[in-house]
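Each remark here refers to the structure printed beneath this line.
The basis for the numbers below is simple: all heavy atoms, side chains too, and nothing from hydrogens, waters or symmetry mates. Sequential numbering from 1 along the given sequence is applied to the chain's residues. This structure is a prediction, so every number in the text was calculated from the model and none was measured.
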Amino acid sequence: MNRLSGLYVITSATTSVEDVASAIRGGASIVQYRDKSNDVSKRLRMALAIRQLCAEKGVLCIVNDDVELAASIEADGVHVGREDAACCMARERLGDSAIVGVSCYNEFTRAEAAAEAGASYIAFGAFFGSPTKPEAPRATTELLVRAKQALSLPVVAIGGITPQNGASLIAAGADMLAVITAVFSQPDIADASRRFSDLFLEEST
């Protein structure tokens, strides 16, 4: 099985290590540590704890935005966006074996550039209204189809994704569904995670 596939959960500033453990128990295969606060000691402590948990469970650990933090905790990789370190710089710092993901929003030309720069995967979104980034530009399923036809990279879909609308994105070519609120803001995180993970099982049968 391709490790860059399945449910891709993204933490928020309020996500605990126990929350991440619950998401993994429900089937999350990739965890991105995302915390935009300036509390350096907290970010390092949380990143280390999540990295250790992911290693124990055989789940990939990605750090959002911060290449140096990813390097310091020996994360599996980093995810960069428009305002973050360039893909090629992240690759140079973390090495050839690291995972480097790139946000491409709703721009296919950005995805082409990311592929050329050595990205491990590309991410498109937002596909639906997102409480995390309500002003994010909307992406379409046609973008997923085009990327799968033209680029030999795994593709992430993000933005307002739920168990009810996620299947259509997988059918269009999304290898991973990236989720924050629909997992970590739910009363039963493991169950919410499982509902997403089941979508990939249904697609493969």
Side-chain angles (χ1 to χ4, degrees), residues 1-81 84 94 98-99 101 103 120-121 123 125-126 128 130-134 156-166 169-170 174-202:
M1 178 181 175
N2 180 5
R3 296 194 76 195
L4 288 173
S5 63
L7 175 59
Y8 184 142
V9 293
I10 302 175
T11 70
S12 70
T14 60
T15 305
S16 68
V17 177
E18 291 74 20
D19 291 340
V20 175
S22 294
I24 293 173
R25 190 163 63 251
S29 55
I30 305 151
V31 175
Q32 181 187 126
Y33 175 65
R34 181 180 186 272
D35 182 352
K36 297 292 189 178
S37 73
N38 294 319
D39 189 337
V40 176
S41 61
K42 177 205 169 192
R43 293 177 74 242
L44 178 58
R45 183 173 67 254
M46 282 292 295
L48 280 168
I50 290 172
R51 167 59 174 155
Q52 181 178 1
L53 173 65
C54 288
E56 291 171 356
K57 301 299 183 182
V59 169
L60 293 174
C61 177
I62 307 295
V63 172
N64 176 273
D65 184 356
D66 194 331
V67 175
E68 291 307 316
L69 179 59
S72 68
I73 68 166
E74 298 184 346
D76 294 298
V78 69
H79 184 92
V80 297
D84 306 329
L94 299 177
I99 295 168
S103 290
S120 306
Y121 70 81
F128 307 100
S130 168
T132 304
K133 293 186 177 182
V156 176
I158 189 171
I161 301 172
T162 68
Q164 290 71 39
N165 61 33
L169 302 178
I170 298 172
D175 299 285
M176 294 162 273
L177 298 181
V179 179
I180 305 173
T181 305
V183 168
F184 288 124
S185 293
Q186 304 309 305
D188 188 332
I189 291 173
D191 180 67
S193 182
R194 192 171 297 110
R195 292 174 69 196
F196 280 101
S197 300
D198 286 348
L199 296 179
F200 291 92
L201 298 176
E202 293 166 7

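Going from atom CD1 of Ile30 over to atom CD1 of Ile10 covers 10.0 Å, rounded to the nearest 0.5 Å. The distance from atom CD1 of Ile170 to atom CG of Leu177, rounded to the nearest 0.5 Å, is 4.5 Å. One finds the CZ atom of Arg51 at 12.0 Å from the CG atom of Leu69 (value rounded to the nearest 0.5 Å). Separating the CG atom in Asp65 from the CD atom in Gln32 is a distance of 9.0 Å, to the nearest 0.5 Å. With rounding to the nearest 0.5 Å, the separation of NZ in Lys57 from CD in Gln52 is 11.0 Å. In this structure, CG in Leu44 is found 12.0 Å from CG in Asp35, a value given to the nearest 0.5 Å.
Judged purely by distance below 3.5 Å, without hydrogens or angles, the side chains of Ser16 and Asp19 pair a donor atom with an acceptor atom.
Contact between Gly26 and Ser197 at its shortest, heavy atoms only, is O-OG, 3.2 Å. Between Pro163 and Phe196, the shortest heavy-atom contact is CD-CZ, 3.4 Å. Among all heavy-atom pairs drawn from Met176 and Tyr121, the shortest one is CE-CB, 4.1 Å. When all heavy atoms of Leu4 and Asp175 are compared, the closest pair comes out as O-CB, 3.8 Å. In terms of heavy atoms, Ile161 sits closest to Ala178 at CD1-O, 4.0 Å. Scanning all heavy atoms of the two residues, the minimum distance from Ala98 to Ser120 falls at O-OG, 3.6 Å.
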Please determine whether side-chain contact (heavy atoms from CB on, under 4.5 Å) holds for the pair Asn165 and Phe128, giving the CA-CA distance in whole Å, both sets of side-chain angles, and the decisive distance to 0.1 Å. CA-CA 9 Å; Asn165 61 33; Phe128 307 100; 3.4 Å; yes
Walk me through it: do Leu53 and Ile24 pass the test side-chain contact (heavy atoms from CB on, under 4.5 Å)? CA-CA 9 Å; Leu53 173 65; Ile24 293 173; 4.0 Å; yes
Dump the intermediate steps for side-chain contact (heavy atoms from CB on, under 4.5 Å) on Ile180 and Val9, then the final yes or no. CA-CA 6 Å; Ile180 305 173; Val9 293; over 6 Å; no
Mind running side chain to side chain donor-acceptor pair (under 3.5 Å) on Asp39 and Ser41 for me, showing each step along the way? CA-CA 6 Å; Asp39 189 337; Ser41 61; 3.1 Å; yes
side-chain contact (heavy atoms from CB on, under 4.5 Å) assessment of Leu48 paired with Tyr33: CA-CA 10 Å; Leu48 280 168; Tyr33 175 65; over 6 Å; no
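Under the 3.5 Å distance criterion, the side-chain polar atoms of Ser193 are left unmatched by any main-chain donor or acceptor of Ile189. Remark: side-chain polar atoms of Ser29 are paired, donor with acceptor, to backbone N or O of Ser5 under 3.5 angstrom. Listed for the Ser185 side chain is no donor-acceptor partner under 3.5 Å among the backbone atoms of Ala182.
With respect to Asp66, the side chain to side chain donor-acceptor pair (under 3.5 Å) criterion is satisfied by exactly one of Arg43, Lys36, Arg34: Arg43.
Counting heavy atoms from C-beta outward, Asp191 and Gln186 have side chains that stay 4.5 Å or more apart. Residues Cys61 and Val31 have side chains not in contact (no heavy-atom distance under 4.5 Å, counting atoms from C-beta outward).
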